[in-house]
Amino acid sequence: QVHLVESGGGLVQPGGSLRLSCAASGATFSIDSMAWYRQAPGKERELVAVITNGGSTDYADSVKGRFANSRENAKNTLYLQMNSLKPEDTDVYYCRTDTYDKRDYWGKGTLVTVSS
């Protein structure tokens, strides 16, 4: 099993920045890709950013140019640098990983609130 714990969320003003972290533990040798999702109450969970074990990244159109996904494999940690934050970025952000045997695991989320 893989256990994921997100951190770094909080309250930030519009235009500000936050860096989210996702620490993986357990069977980390089995991790393939990792991704960030976000979800607001009453809405579907949205894919925000994904990164492969080789470092290739992709982003939702709504965050391109503002968010940057990175992965520090030696520490089994995923990061999401969020810049130029907007009120519509207010969501619970979740870390997800899938393994080479096609199992997936989720963290419990960290809340990001963008408000003046």
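All values derive from a computational prediction rather than experimental measurement. Positions are given from 1 along the sequence.
Put simply, the side chain of T113 never gets that close to the backbone of T90: no donor and acceptor are under 3.5 Å apart. No side-chain donor-acceptor contact under 3.5 Å links Y79 to the backbone of E72.
Atom CD of E44 sits in a sparse spot, with 12 or fewer heavy atoms from other residues, nucleotides or ligands closer than 6.0 Å. Other residues, nucleotides and ligands contribute only 12 or fewer heavy atoms inside 6.0 Å of the CD atom of Q1.
Applying the side chain to side chain donor-acceptor pair (under 3.5 Å) rule to D89 yields the partners R38, R66; only residues at least two apart in sequence or on another chain are considered.
Of the inter-residue distances, the one linking D91 atom CG with W36 atom CH2 reads 13.0 Å to the nearest 0.5 angstrom. Taken to the nearest 0.5 Å, the CG atom of D98 stands 10.5 Å off from the OG1 atom of T52. Taking NE2 from H3 and CG from N76, the interatomic distance works out to 13.0 Å, rounded to the nearest 0.5 Å. Rounded to the nearest 0.5 angstrom, E46 CD and Y93 OH are separated by 8.0 Å. One finds the OG1 atom of T57 at 10.0 Å from the NZ atom of K64 (value rounded to the nearest 0.5 Å). A distance of 7.5 Å separates CG of L78 from CZ of R71, quoted to the nearest 0.5 Å.
The minimum heavy-atom distance linking I31 with A24 is given by the pair CD1-CB, 3.9 Å.
Note: the hydrophobic cluster containing V112 also contains V48 (ILVMFWY, side chain heavy atoms under 4.5 Å, direct or indirect links). With hydrophobic clusters built from ILVMFWY side chains whose heavy atoms lie under 4.5 angstrom apart, L47 shares a cluster with Y94.
Side-chain atoms of F67 and L85, non-hydrogen and from C-beta on, do get closer than 4.5 Å to each other. Using a 4.5 Å heavy-atom cutoff, the side chains of S30 and R103 are not in contact. A heavy-atom distance below 4.5 Å is found between the side chains of L111 and V92.
Annotation: Y37 is in aromatic contact with W106 [ring centroid separation under 6.0 Å].
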Show me the donor-acceptor pairs, under 3.5 Å and distance only, between side chains in residues 4-23 and residues at least two apart or in other chains.
residue: E6; atom: OE1; partner: K108; partner atom: N; Å: 3.1
residue: E6; atom: OE1; partner: G109; partner atom: N; Å: 2.9
residue: E6; atom: OE2; partner: C95; partner atom: N; Å: 2.7
residue: E6; atom: OE2; partner: G109; partner atom: N; Å: 3.3
residue: S17; atom: OG; partner: N83; partner atom: OD1; Å: 2.9

